Each structure stands twice: as C-alpha cells, then as structure tokens.
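To keep things clear, I will list the structure first and then write my remarks on it.
Each residue takes its place number in the sequence, starting with 1. Since the model is a prediction, treat every value here as computed from it, not as a measurement. Note that ligands are numbered from 1 as they come in the structure, with each ligand's atoms numbered from 1 the same way.
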Amino acid sequence: MGDIHRDGLWQGGWYRFARQIPSPHHGERPQGAVIDLIVVHSISLPPGQYEGDTVVNFLAGLPFETQDPYVQSVKDMKVSPHFLIRRGGELIQLVSTLERAWHAGVSSYRGRDNCNDDSVGIELEGLEDLSFEDAQYETLSGLCAAIAQIHPIEHVAGHEHIAPGRKKDPGCAFSWEYLQRSLGWEDRYFP
Ligand SMILES: [Zn+2]
C-alpha cells in the first residue's frame with residue numbers, strides 16, 4: 001500500500017486521473033474503518049439514456065430540469081458513489097475515498113452491516129441486465145487496482161450482493177470474469 005498523502009496517483013482520497021465533480025452526498029467514515037470492499041453499481045438517468053449530464057447532476061447534487069417521470073420520482077434522493085464511469089469510459093470522482101459516500105443503503109457483506117462505512121462505491125453508467133462497454137471495464141479495472149494501492153481491498157461485490165432482494169445492480173450482464181481477468185486478482189476477492 002502506498003501512503004495516502006504522498007502517493008502521486010492520489011491526493012487526500014482523490015484520484016489524479018478522474019474528473020472531479022464534488023458531491024455533498026457524503027459524511028464521515030466511522031473512526032478506524034477498514035476500507036476493504038469495492039461495491040459495483042449501475043445507474044442511468046433517465047434509465048437507458050446515456051446522453052447529457054442528468055445522472056452527473058443528480059449524483060453531484062446540482063440542479064437539473066427533467067420531464068421524465070422516473071427521474072422526477074428520484075430527483076430529491078441524496079445519493080452518490082465515490083466514482084461514476086460513463087459509457088465511453090470517462091471517469092468522474094464525486095467523493096473522496098476517505099469520506100463515506102451514500103451509495104449502498106441498507107446492506108451487509110463479509111459479516112459486516114452498513115457497507116457505506118467501509119467501502120468504495122463505483123457506479124457504471126448502464127442498466128441492470130444490459131451489457132457494459134469494454135471502455136468501462138478498462139476504466140473500472142484500472143481504478144480498482146489504483147484503489148487497492150491506498151486501501152486494503154479484500155472484496156469486490158455488486159450492490160446486488162450486499163443488498164440481496166432489495167437491489168439488482170449491476171445485474172447478470174456484468175462480467176465478473178472479465179473484471180477478474182483484467183485485474184488478475186484471486187477468486188476469493190469476488191462474489
Ligand atoms: Zn446500486
């Protein structure tokens with residue numbers, strides 16, 4: 001592990017190769033939290049539409065206009081991952097990994113509840129059960145490796161694994177094998 005404050009890739013939990021759009025949707029991690037889990041999600045707003053910045057503005061707590069009934073129904077939710085990977089692979093960081101981003105909700109994994117306390121959340125722009133782009137896997141894989149340089153990552157799981165029955169993202173079209181191959185991490189890291 002590198003030093004969080006001196007590693008050239010990172011500055012205070014912000015990744016050098018991400019575009020920063022800070023979101024207020026976060027709080028402090030509990031003292032002594034061991035950040036050993038990466039949670040993979042999927043989102044698009046409106047669902048299935050990948051143009052425009054509605055999803056970015058929603059997660060970043062920025063104002064936006066929408067006529068879409070689904071987007072209107074979730075508009076006031078205060079949620080954000082640490083990172084968003086858009087369809088073309090563009091990486092956006094919304095919350096420092098040192099802070100507790102609000103992405104998981106009620107959840108439990110590796111014997112611990114409240115996964116927001118000690119995980120890093122990554123949203124892939126997409127839809128549950130529809131495939132993701134190669135460029136997204138590339139960005140995701142590089143990002144997971146970079147996160148593991150500053151946090152003692154032991155697990156990578158989907159929202160569906162930490163909140164089974166309640167959440168289904170990223171869904172069956174997400175290839176854990178593809179991610180595992182690109183990372184070269186052992187089976188024990190994966191769901
Ligand atoms: Zn999710």
Side-chain angles (χ1 to χ4, degrees), residues 15 18 21-27 29 33 35-50 53-62 64 66 68 70-87 89-97 99-110 112-133 136-137 139-141 143-144 147 151 153-176 178-180 189-191:
Y15 185 44
I21 305 181
S23 170
H25 301 160
H26 69 273
R29 293 193 187 272
I35 302 159
D36 61 354
L37 170 66
I38 290 171
V39 180
V40 178
H41 302 257
S42 63
I43 189 173
S44 49
L45 292 176
Q49 289 187 31
Y50 308 135
D53 282 326
T54 300
V55 69
V56 176
N57 292 334
F58 169 71
L59 297 172
L62 297 169
F64 61 91
T66 181
D68 182 84
Y70 176 77
V71 179
Q72 279 171 350
S73 75
V74 299
K75 203 174 191 295
D76 295 324
M77 290 178 67
K78 291 184 173 15
V79 294
S80 183
H82 294 88
F83 296 94
L84 170 68
I85 300 175
R86 300 213 64 179
R87 288 307 276 188
E90 186 201 0
L91 180 62
I92 294 170
Q93 183 166 9
L94 296 129
V95 176
S96 159
T97 66
E99 302 289 337
R100 182 182 185 276
W102 301 337
H103 59 96
V106 177
S107 51
S108 183
Y109 201 67
R110 45 22 170 170
R112 276 137 67 189
D113 293 338
N114 300 316
C115 295
N116 280 341
D117 285 351
D118 42 20
S119 70
V120 175
I122 303 172
E123 291 274 8
L124 301 175
E125 187 173 28
L127 268 186
E128 280 163 21
D129 303 332
L130 282 185
S131 62
F132 297 89
E133 302 289 342
Q136 293 183 293
Y137 284 101
T139 301
L140 176 61
S141 163
L143 177 60
C144 288
I147 292 168
H151 298 294
I153 299 301
E154 297 270 348
H155 309 272
V156 188
H159 204 183
E160 60 193 295
H161 304 105
I162 67 167
R166 192 174 69 80
K167 291 291 177 181
K168 289 191 282 189
D169 59 309
C172 62
F174 179 78
S175 174
W176 292 98
Y178 190 167
L179 178 61
Q180 180 173 5
Y189 284 84
F190 297 93

Full working for salt bridge (charged side-chain N to carboxylate O under 4.0 Å, His left out) between Arg110 and Asp36: CA-CA 10 Å; Arg110 45 22 170 170; Asp36 61 354; 2.6 Å; yes

Residue and atom names of protein N/O/S atoms that fall under 2.8 Å from the Zn ion (ligand 1): His41 ND1, His159 ND1, Asp169 OD2

Could you pull out all residues at least two apart from [X] that satisfy ring-ring contact (aromatic ring centres under 6.0 Å, His included)?
{"X": "Tyr189", "answer": "Trp185"}
{"X": "His161", "answer": "Trp176"}
{"X": "His159", "answer": "His41"}

Main-chain N/O of Arg87 paired with Glu125 side-chain donor or acceptor, under 3.5 Å: yes

Aromatic plane relationship, Tyr137 with Tyr178 - under 30° parallel, 30 to 60° tilted, over 60° perpendicular: parallel

